[in-house]
Amino acid sequence: MKKLLLIATGGTIACRETENGLSPALGGAELLDFVPALRTFCTVDVRDLMQLDSTDLTAADRLAIAQAVRQNADRYDGFVIAHGTDTLSYTAALLCHLLTDLTKPVVLTGSMLPMGAPDSDAPRNLLDACRVAADRRAGVVAVLCGKILAGNRVVKYHSTEIDAFVSAGVPPLGAVGTDGKVRWDVPAAPPAPTAPSALDPHVLLVKLTPDLDPTFFAALHGYPKVILETFGAGGVPARLEKAVRALIESGTRVYITSQCIAGGVHLHHYAVGRRAEAMGAVSLGSRTTEDALAAVMCGEV
Ligand code: ASP
């Protein structure tokens, strides 16, 4: 029997209807009551860490989740984090960095419909997540709708469908069949020797639009780190060149990511990209926006 820890944080999976709309109300033990099949392969302890819509989560909450895992790392075979789906990708990406040295499975899951609602995806997702957490493979993943997604590749692309997540740029790591079998399609990566112990949440993401007003950048002078989410393979438009250069000269570190969810940044391809390189902007490569934020927050780039 594998020994798992369920860390409950709220989200739709824990929601009940209130006069103000859906709001998290169920704790971890109540969630487990809906999934008796778990008892055949694992025991699950519960840590009710918070009860929030994931819209309300901040870096401090995500650090608390990482700490709850780390403090219990020796006592459990694996960890399941029940989480709202709206910002699950941000938590998954950040945990990939904060727990990169962990030798245990860390599995995030949630649901698009509350536990107990007709046709809810919640029981299957929680059961599948526990199956993956009991499967011994180290690393941070998300398990949703039968798919096992690398934590740093998770993207929520649909706001209402049950099958709401994709793996950006790479195939899913594996799947959990309707028979409950866990299948891995990609070999495991070994844990890293060390992980960052702190993060700086002062990272601003600016999405370029064709008509973004260059005067906007003056308000950012001196802000520690700014990620420009640019078009396609990446670049800075000529009409923003002076403004972005002045921002970098003000002491702000400027990074480049792409609005495309796959393929990444290639600053060398186009003159607009070389313009960004020449002014000292740093490419974030093929990272998702969420992973780019996490990497910059953790000071890894
Ligand atoms: N608003 C909810 C949340 O992110 C949505 C969900 O869990 O599906 O907490």
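Everything numeric in this text was worked out from a predicted model, so none of it was measured. Just so it is clear, the values below take in all heavy atoms, side chains as well, and ignore hydrogens, waters and symmetry mates. Just so you know, ligand 1 is whichever comes first in the structure, and atom 1 is the first atom listed for that ligand.
Atom 5 (C) of ligand 1 has its closest protein heavy atom at Thr12 OG1, 3.1 Å. Scanning the protein for heavy atoms near atom 8 (O) of ligand 1, the closest one is Thr85 OG1, 2.5 Å.
A salt bridge between Asp101 and Arg70 is present, with a side-chain N of the basic residue lying under 4.0 Å from a carboxylate O of the acidic one. Between Arg183 and Asp185 there is a salt bridge, since at least one side-chain N of the basic residue sits less than 4.0 Å from a carboxylate O of the acidic one. With salt bridges taken as basic N to acidic carboxylate O contacts below 4.0 Å, none links Arg245 and Glu249.
Here the closest non-hydrogen pair linking Ile256 and Val265 is O-CG2, 3.7 Å.
The option from Cys15, Pro24, Ser54, Ser23 that lies nearest to atom 9 (O) of ligand 1, judged by heavy atoms, is Ser54.
With ligand atoms numbered from 1 in the order given, ligand 1 contributes 7 (O), 9 (O) to contacts under 4.0 Å with heavy atoms of Gly11.
Side-chain contact between Asp61 and Thr9 is absent, with no heavy atoms from C-beta onward closer than 4.5 Å.
Where the criterion is an N or O separation shorter than 3.5 Å, residue side chain and backbone included, Asp86 meets it with respect to ligand 1. The N/O atoms of Ser111, backbone and side chain alike, include one that comes under 3.5 Å of an N/O atom in ligand 1.
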